[in-house]
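All values reported here derive from a predicted model rather than from experimental measurement. Whatever order the structure lists them in is the order used to number ligands and atoms, beginning at 1.
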Amino acid sequence: MSERIPLARPELGAREEELVAAVLRSGRLSLGPVGERFERELAAWLGVDDAVAVSSGTTALHLGVRALGWGDGDEVLTSPFSFVASANCLLYEGARPVFCDVDPVTLDLDPAAVEAAVGERSAGILPVHIFGFPAAMPELEAIAARRGLGILEDACEALGAVDSEGRKVGARGNLATFAFYANKQLTTGEGGMIVPSDPAVAARLRSERNQGRAPDMGWLDHGGLGFNYRLSDIAAAIGVAQMERLDAMLAARDALAARYESGLAGVEGVKTLPGSLGPERRSWFVYVVRLADEVDRDATIASLAEQGIASKAYLPCIHLFPHLREFGYGEGQFPVAEAAAAHSLALPFFPAMTESQVARVCESLAGSIR
Ligand SMILES: Cc1ncc(COP(=O)(O)O)c(C=O)c1O
């Protein structure tokens with residue numbers, strides 16, 4: 001059989017090795033200068049004043065929820081078509097996710113559905129820029145302003161996306177989170193970043209990620225409740241190395257998506273997702289296609305696997321997981337999200353993928369539609 005093509009693979013090289021080795025030699029494995037450098041460089045790249053590094057996208061979301069003061073009895077409007085962490089972060093603080101259906105084209109929160117779901121207990125909106133496509137932030141911000149709601153953007157899949165007003169996702173002044181797991185546009189292995197909305201929030205985030213310590217406090221001094229959500233300097237060193245190549249890696253993802261787009265044109269039963277609909281630009285995180293309703297997705301996945309090609313049903317709706325069904329959610333409530341979940345398929349996608357690998361995936365997929 002020809003070489004197996006995985007779904008994702010991180011881009012790691014000599015520069016990562018060099019910067020990680022430098023951290024090891026320095027003996028400053030945490031709370032050192034490399035962590036601060038990673039924060040500064042990502043903030044500068046985004047065009048924001050500050051960014052706070054944390055241990056994952058999930059912990060970034062958790063601190064964001066706390067910073068907004070969302071807790072017991074509060075309802076937060078969010079997307080059912082997401083990775084489960086965007087709802088779990090609300091549950092950690094006793095807030096309730098109120099799911100609203102998504103737009104059939106962008107697969108992001110539909111502002112009209114959000115508007116219709118705002119109620120007395122609504123405290124905020126948590127939009128998810130799913131698959132790197134920028135959510136309708138101007139519309140959602142208008143609803144939030146009218147109804148007095150806070151906003152936490154889950155940009156964990158969207159580093160490098162540009163919104164309909166030409167701004168990088170995460171740079172609108174809202175709290176916004178990024179994630180750096182190994183399949184992301186930029187990786188630190190495990191890691192995350194939160195863009196604070198102002199300096200006071202930044203100080204709170206830095207304290208809470210570090211067991212409630214203020215910068216001038218000793219190791220056994222704590223000004224309040226906190227967590228160990230720190231990012232190690234070893235992970236940050238990988239991030240700094242990745243920052244140097246971020247633009248090139250994003251461009252490689254764009255080129256790959258374009259190759260898929262032409263390779264899949266005319267393949268019966270397969271529809272590609274848009275990179276853009278107007279001025280906004282998707283940051284290609286995964287390459288997901290929509291199979292026609294009559295296609296047997298499981299059989300297609302099995303056939304691709306036989307040919308050495310990884311693929312995945314992507315994503316399941318999160319309101320249907322057992323712990324969210326406890327809130328009264330069930331099948332049929334969000335038809336657009338549920339249809340997307342039922343018919344979407346992720347294909348191999350990583351910057352080092354070659355032209356011939358993309359061609360092989362496209363050909364195999366065309367022959368695997370059942
Ligand atoms: C939309 C979304 N939110 C949150 C997360 C959580 O990030 P992490 O896995 O780093 O905790 C992810 C990561 O997969 C994600 O895709």
Side-chain angles (χ1 to χ4, degrees), residues 7-10 38 42 51-66 70 76-93 95 97 99-100 102-103 106-109 124-135 137 140 151-161 169-170 174-195 205 209 227-232 235-236 238-239 242 253 273 282-288 312-319 321 323-324 337 340-341 344 346 349-350:
L7 262 188
R9 191 161 65 200
F38 183 37
L42 191 79
V52 179
V54 288
S55 53
S56 71
T58 304
T59 56
L61 284 166
H62 184 197
L63 295 188
V65 167
R66 289 177 57 83
W70 295 341
V76 176
L77 306 146
T78 192
S79 172
F81 191 66
S82 178
F83 181 69
V84 70
S86 61
N88 284 349
C89 65
L90 300 168
L91 305 181
Y92 300 156
E93 293 297 318
F99 294 112
C100 309
V102 297
D103 178 274
T106 68
L107 303 178
D108 287 326
L109 265 183
I125 308 176
L126 198 165
V128 182
H129 305 276
I130 202 71
F131 304 160
F133 198 92
M137 291 315 301
L140 294 172
I151 292 182
L152 174 59
E153 294 183 47
D154 182 340
C156 288
E157 300 189 355
L159 184 65
V169 162
N174 304 314
L175 275 164
T177 63
F178 293 96
F180 307 132
Y181 187 64
N183 64 343
K184 294 292 193 293
Q185 290 93 329
L186 177 151
T187 187
T188 57
E190 297 284 359
M193 195 73 83
I194 179 159
V195 177
L205 295 169
R209 79 171 168 187
F227 308 86
N228 179 359
Y229 286 172
R230 298 183 298 266
L231 184 73
S232 81
I238 302 174
Q242 295 259 301
R253 285 176 178 267
L273 299 185
R282 183 193 299 275
S283 171
W284 290 94
F285 160 52
V286 280
Y287 198 81
V288 170
K312 203 181 193 98
Y314 213 84
L315 290 157
C317 275
I318 59 178
H319 67 285
F321 289 124
H323 65 298
L324 289 154
S344 296
F349 193 71
F350 47 92

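- Not one N or O on the side chain of Thr187 forms a donor-acceptor pair closer than 3.5 Å with the backbone of Lys184.
- In this structure Tyr92 satisfies the ring-ring contact (aromatic ring centres under 6.0 Å, His included) test together with His62, sequence neighbours excluded.
- Thr78 places a side-chain N or O within 3.5 Å of a backbone atom of Leu126 that can act as its donor or acceptor partner.
- Applying the ring-ring contact (aromatic ring centres under 6.0 Å, His included) rule to Phe131 yields the partners Phe81, Tyr314; only residues at least two apart in sequence or on another chain are considered.
- When atom types are taken as modelled, the side chain of Arg253 and the backbone of Phe285 share a donor-acceptor pair closer than 3.5 angstrom.
- For a heavy-atom separation below 4.0 Å, the residues in contact with ligand 1 are Ser56, Gly57, Thr58, Leu61, Phe83, Ala85, Val128, Asp154, Cys156, Glu157, Ala179, Lys184, Gly191.
- Not counting sequence neighbours, Phe178 has no partner by the ring-ring contact (aromatic ring centres under 6.0 Å, His included) test.
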